[in-house]
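From a predicted model like this one, the values you see are computed outputs, not experimental measurements. Convention: sequence-line order gives letters A, B, ...; per-chain numbering from 1.
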Number of protein chains: 2
Amino acid sequence: MSGGETQQTILDAVQAVIVRDGVRGASMRQVAEEADVSLGLISYHFDDKETLIVAAFERATARLREASEQSIEHVDDPEERVRAFLRSSFGEEFLDGDYLRLRISLWAVALTDPAIAAVDASFFEEYATALRGLITTARPDLDQGEIRGRSIDAIALTNGIWLNWARYRNADDLEIGLRRCEDIILGPPQQGTR
Amino acid sequence: MSGGETQQTILDAVQAVIVRDGVRGASMRQVAEEADVSLGLISYHFDDKETLIVAAFERATARLREASEQSIEHVDDPEERVRAFLRSSFGEEFLDGDYLRLRISLWAVALTDPAIAAVDASFFEEYATALRGLITTARPDLDQGEIRGRSIDAIALTNGIWLNWARYRNADDLEIGLRRCEDIILGPPQQGTR
DNA sequence: TCGACAACTGAACGATCGTTCAGTTGTCGC
DNA sequence: GCGACAACTGAACGATCGTTCAGTTGTCGA
């Protein structure tokens, strides 16, 4: 097998083990067994465990980034672009494949591991910037402060919906939440109930 | 020292270590050093590591539960009760004290540990039930389906705001998010932008 | 055919893990 | 003063961890 293929096989195994047993249970031996390779081969392809875990989270994040980019490629209507962008994170690939367990693990590890925090933060910044751009086009009447607030709230709600899905997998709650997300972004100014 | 006091000292140490190094770094020896007790004493008071971690998360969750209950004790106005309840999770105790790092670790561990998932789930159910009750009183015109949707969305947004706070600690974003939460719960029906 | 080299193996290493347990300390009632 | 008992200590255990490395396999170009 070529080196590149083997690396992907190993990263697949890392993801599978993290999803099943968490980062705590992701030992080099577990990964080797899951990937059906020898223990030494992992160290041959990756400098150490830290590098391996970071690479796995980076690849998982890249998949999400690509899905977001592709989702708006052939959509012209500005509001539809916002909706497509939001919903791209909730495609079958990311809901069925235990992908969110991986992301929640990432959030937790990022708290103590600077390298993984960087992976998380760079994606967050990129996602937020893209969302602000889409909102600006869809709702040119809003000022930048309002747009920033809406994008932050939408991302927060998105993460919360992810969390609830990982817990309970309730499709109705998911759809209601996504509608709410669209309303936050595209709806009228806040009511100011206070 | 009495047994009860020592147990609390040990649980304090567990929390401190998890906040600093994550659940991965929370070894019995680390906890013992942090609590300034011997290694054996931890096993004397707690059956095993699993029991210890669960007890720490249970106590942390209990603190949040108590704060939520107390927040509405002396508030009469129905809408103000909703606001107080929502904001009780964002008191100084929970924002300053690295408390949220603990909760995010809990979310991750709950994915693979049934006992901790039970701690998380029971609090979630309790919180959601209380919130639905408060919404019902504040907005008796809404039907149960709408109330359920609003409470789920509010909890999701709350968790997302927590996550963002743990990452960036931006007070403006926090306040904007909380206002949005209040709007979701107390505002007019959704616009239905689609 | 054969050297060169990337890909791969698995035993072995020291470190650290959770748990156990014989032994020590301190504090009571009697 | 003295047994009883809860509280506490730390050395020791086997298991598992990440990492290393001498050795094997397979595949090419010369």
(request) Would you mind checking if Arg139(A) and Glu79(A) are paired as a salt bridge, meaning a charged N to carboxylate O distance below 4.0 Å? (result) no

(request) State whether a side-chain donor-acceptor pair under 3.5 Å links Asp12(B) with Thr9(B). (result) no

(message) Per the ring pair (Phe, Tyr, Trp, His ring centres under 6.0 Å) rule, what does the pair list look like for residues 54-84 of chain B, sequence neighbours excluded?
(response) none

Could you state the interatomic distance from [atom1] ([X]) to [atom2] ([Y]), rounded to the nearest 0.5 Å?
X         : Y         : atom1 : atom2 : result
Asp172(B) : Arg148(A) : CG    : CZ    : 7.5 Å
Asp173(A) : Ile155(B) : CG    : CD1   : 9.5 Å
Ile147(B) : Asp141(B) : CD1   : CG    : 8.0 Å

Identify all side-chain donor-acceptor contacts of residues 115-134 of chain B below 3.5 Å with residues at least two apart in sequence or on another chain.
{"residue": "Asp120(B)", "atom": "OD1", "partner": "Arg167(A)", "partner atom": "NH2", "Å": "3.2"}
{"residue": "Asp120(B)", "atom": "OD2", "partner": "Arg167(A)", "partner atom": "NE", "Å": "3.0"}
{"residue": "Asp120(B)", "atom": "OD2", "partner": "Arg167(A)", "partner atom": "NH2", "Å": "3.3"}
{"residue": "Ser122(B)", "atom": "OG", "partner": "Val119(B)", "partner atom": "O", "Å": "3.4"}
{"residue": "Glu126(B)", "atom": "OE1", "partner": "Arg65(B)", "partner atom": "NE", "Å": "3.2"}
{"residue": "Glu126(B)", "atom": "OE2", "partner": "Arg65(B)", "partner atom": "NE", "Å": "2.8"}
{"residue": "Thr129(B)", "atom": "OG1", "partner": "Glu125(B)", "partner atom": "O", "Å": "2.8"}

Between [atom2] on [N] and [atom1] on [X], what's the gap in Å once rounded to a whole number?
X        : N       : atom1 : atom2 : result
Leu39(B) : dC13(D) : CG    : P     : 15 Å
Ile10(B) : dG18(C) : CD1   : C1'   : 15 Å
Glu33(A) : dG18(D) : CD    : P     : 14 Å
Met28(B) : dA15(C) : CE    : P     : 23 Å
Ile42(A) : dC17(D) : CD1   : P     : 12 Å

(request) Using only side-chain N and O atoms of Ser38(A), determine if any of them is under 4.0 Å from OP1 or OP2 of dG10(C). (result) no

(request) May I have the step-by-step check of side chain to side chain contact (heavy atoms under 4.5 Å, CB included) for Arg83(A) and Ile185(A), ending in yes or no? (result) CA-CA 9 Å; Arg83(A) 291 198 182 92; Ile185(A) 289 180; over 6 Å; no

(message) Quick check on contacts: within residues 47-55 of chain B, what sits under 4.0 Å from DNA chain D by heavy-atom distance?
(response) none

(request) Nearest-nucleotide wise, let me know which of Asp36(A) and Arg29(A) is further upstream toward the 5' end of DNA chain C. (result) Asp36(A)

(message) Can you identify which nucleotide, out of dG18(D), dT19(D), dT19(C), has its nearest atom closest to the Ser27(A) side chain?
(response) dG18(D)

(message) Are Phe94(B) and Trp162(B), when compared by the centres of their aromatic rings, separated by less than 6.0 Å?
(response) no

(request) Starting at the 5' end of DNA chain C, write a dot or bracket for each base, bracketing those in Watson-Crick or G-U wobble pairs whose two distances are under 3.5 Å and using | for partners on another strand. (result) |||||||||||||||||||||||||||||.

(message) With clusters defined by side-chain heavy atoms of hydrophobic residues (ILVMFWY) lying less than 4.5 Å apart, directly or transitively, does Tyr168(B) cluster with Trp165(B)?
(response) yes

Let me check something: any side-chain donor-acceptor pairs from residues 26-41 of chain A under 3.5 Å, sequence neighbours excluded? List them with distances.
{"residue": "Ser27(A)", "atom": "OG", "partner": "Gln30(A)", "partner atom": "N", "Å": "3.1"}
{"residue": "Glu34(A)", "atom": "OE1", "partner": "Arg20(A)", "partner atom": "NH2", "Å": "2.3"}
{"residue": "Ser38(A)", "atom": "OG", "partner": "Leu41(A)", "partner atom": "N", "Å": "3.4"}

Can you name the atoms? Protein N/O to nucleotides 5-7 of chain C N/O, anything below 3.5 Å, with the distance.
{"residue": "dA7(C)", "atom": "OP1", "partner": "Gly3(A)", "partner atom": "N", "Å": "3.4"}
{"residue": "dA7(C)", "atom": "OP2", "partner": "Tyr44(A)", "partner atom": "OH", "Å": "3.2"}
{"residue": "dA7(C)", "atom": "O3'", "partner": "Met1(A)", "partner atom": "O", "Å": "3.2"}

